[in-house]
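Here the structure is a predicted model, which is why all the values come from computation and not from measurement. In this chain, numbering begins with 1 at the start of the sequence shown. Each ligand, and each atom within it, is numbered from 1 in the order the structure gives.
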Amino acid sequence: MRHFLTLSDMSPDELQWIIQRAIELKAMHRRGEVYEPLKNRVLGMIFEKSSTRTRVSFEAGMAQLGGSAIFLSPRDTQLGRGEPIEDSARVLSRMVDVVMIRTFEHADIELFAQYSQVPVINALTDDYHPCQLLADMQTYQEHRGSIQGKTVAWIGDGNNMCQSYIRAAIQFDFRLRIATPEGFEPDADIVADAGDRVELVSTPAEAVKGAHLVATDVWASMGQEDEQQERMKKFSAFQVSPALLDLADKDVVFMHCLPAHRGEEVSEDLLDDPRAVVWDEAENRLHAQKALLEFLLCQEEDS
Ligand code: CP
Ligand code: NVA
């Protein structure tokens, strides 16, 4: 039984398998092929934060694979009334085949996984968003081929997405340059894990020089709403625009996990720039997570 809490839970070969499988499942879906390896399987989805893409892609993905999904929110389950995580994990994992969790503390999902009898998928914590990286890596592969040896620039907050890009740099073997305002750097231990693959720089221009992929995210993540005004000031020099992309490699692509705030981390016109691949990236959440679900749920049958 395997969990997917960060990209480090899979080997580079396994991640490559998932990306290739996501591309195949996408083609099968486009052809209208019915493929239902997860018939009668159920995904429990615990959302302690809002979501559009993650909820719809997991729910639609399970339906397309022949299974079903149950949406659980703390507002109307005992999770919101203080039932311990350990107890919730023991109970839910006796009823469903796989659990997906979006929450605040990364330690909470680790605790849930420790007591779960079924695979647990991280659908975003304050520290990591590995499912988004599966979609981003699939999208790069589809548009430009292998990312191995390429240069990626992360601009903005050293947040859960940035830290997932650091894990991806290790697993997919690319160079990562990170430009954040002072005081908003990613966790130093996570940076250290990546060794010389990751470099912290002080300006977006330095980060994007020659980059093949440029990515950013909101300046204030879910749970940081109180800091929005202060962050708007501190991040003002970290907006990604078509002019910034002009400093990158001529074949650069731009990604954003979405939702995006036009006029803040992205200029008003950036998502309409031909170098932006954000809609393909969003769609690939569906295909990449179908491949992940198949990997986690079908491997016992195959072995
Ligand atoms: N990118 C992403 O995870 O989007 P949602 O918050 O809408 O799920
Ligand atoms: N960093 C953002 C990502 C949203 C998908 C957040 O945590 O709110």
Nearest protein heavy atom to [atom], by residue and atom, and its distance?
| atom | answer |
| --- | --- |
| atom 2 (C) of ligand 1 | R285 NH1, 3.3 Å |
| atom 4 (O) of ligand 1 | R53 NE, 2.8 Å |
| atom 8 (O) of ligand 2 | M222 N, 2.8 Å |

Y128 and H106 aromatic ring geometry - parallel, tilted or perpendicular at 30°/60° bounds: perpendicular

Heteroatom proximity flag, S221 to ligand 2, N/O under 3.5 Å: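 Looking only at distances, the answer is yes, because the N/O contact criterion of under 3.5 Å is met.
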
If I take atom [atom1] from residue [X] and atom [atom2] from residue [Y], how far apart are they, to the nearest 0.5 angstrom?
| X | Y | atom1 | atom2 | value |
| --- | --- | --- | --- | --- |
| F174 | I147 | CZ | CD1 | 5.0 Å |
| D127 | D187 | CG | CG | 7.5 Å |
| M137 | Q16 | CE | CD | 10.0 Å |
| F58 | L286 | CZ | CG | 10.5 Å |

Donor-acceptor pair, side chain of D87 and main chain of E83, under 3.5 angstrom: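 Between the backbone of E83 and the side chain of D87 there is no qualifying donor-acceptor contact (under 3.5 Å).
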
Option whose closest heavy atom lies nearest to atom 3 (C) of ligand 2, chosen from T52, D217, V218: D217

Using a strict cut-off of 4.0 Å, indicate which atoms of ligand 1 neighbour a heavy atom of [X].
| X | answer |
| --- | --- |
| H129 | 2 (C), 3 (O) |
| T52 | 5 (P), 7 (O), 8 (O) |
| Q132 | 1 (N), 2 (C) |

Contact check: C257 vs ligand 1, nitrogen or oxygen atoms, below 3.5 angstrom: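 Looking only at distances, the answer is yes, because the N/O contact criterion of under 3.5 Å is met.
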
Close approach, R55 and ligand 1, non-hydrogen under 4.0 angstrom: no

Ligand 1 contact by L258, heavy-atom criterion under 4.0 angstrom: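 Under 4.0 Å: yes for L258.
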
R231 bridged to D226 by N-O distance under 4.0 Å: no

Any L258 heavy atom less than 4.0 Å to ligand 2: yes

side-chain hydrogen bond (donor to acceptor under 3.5 Å, both in side chains) between S93 and Q117, worked out: CA-CA 5 Å; S93 69; Q117 293 179 14; 4.9 Å; no

N160 contact mode with ligand 2 (heavy-atom cut-off under 4.0 Å):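 It is the side chain that touches ligand 2; the backbone stays farther off.
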
Under 4.0 Å to a heavy atom of N159 - the qualifying atoms of ligand 2, by number: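 Counting from 1, the qualifying ligand atoms are 1 (N).
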
Atom indices of ligand 2, in the order listed, that fall short of 4.0 Å to a heavy atom of L124: 3 (C), 4 (C), 5 (C), 7 (O)

R102 contact mode with ligand 1 (heavy-atom cut-off under 4.0 Å):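 R102 to ligand 1: side-chain contact only, backbone stays beyond 4.0 Å.
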
F184 ring center near F238 ring center (under 6.0 Å): no

K49, NZ atom: more than 12 neighbouring heavy atoms under 6.0 Å: yes

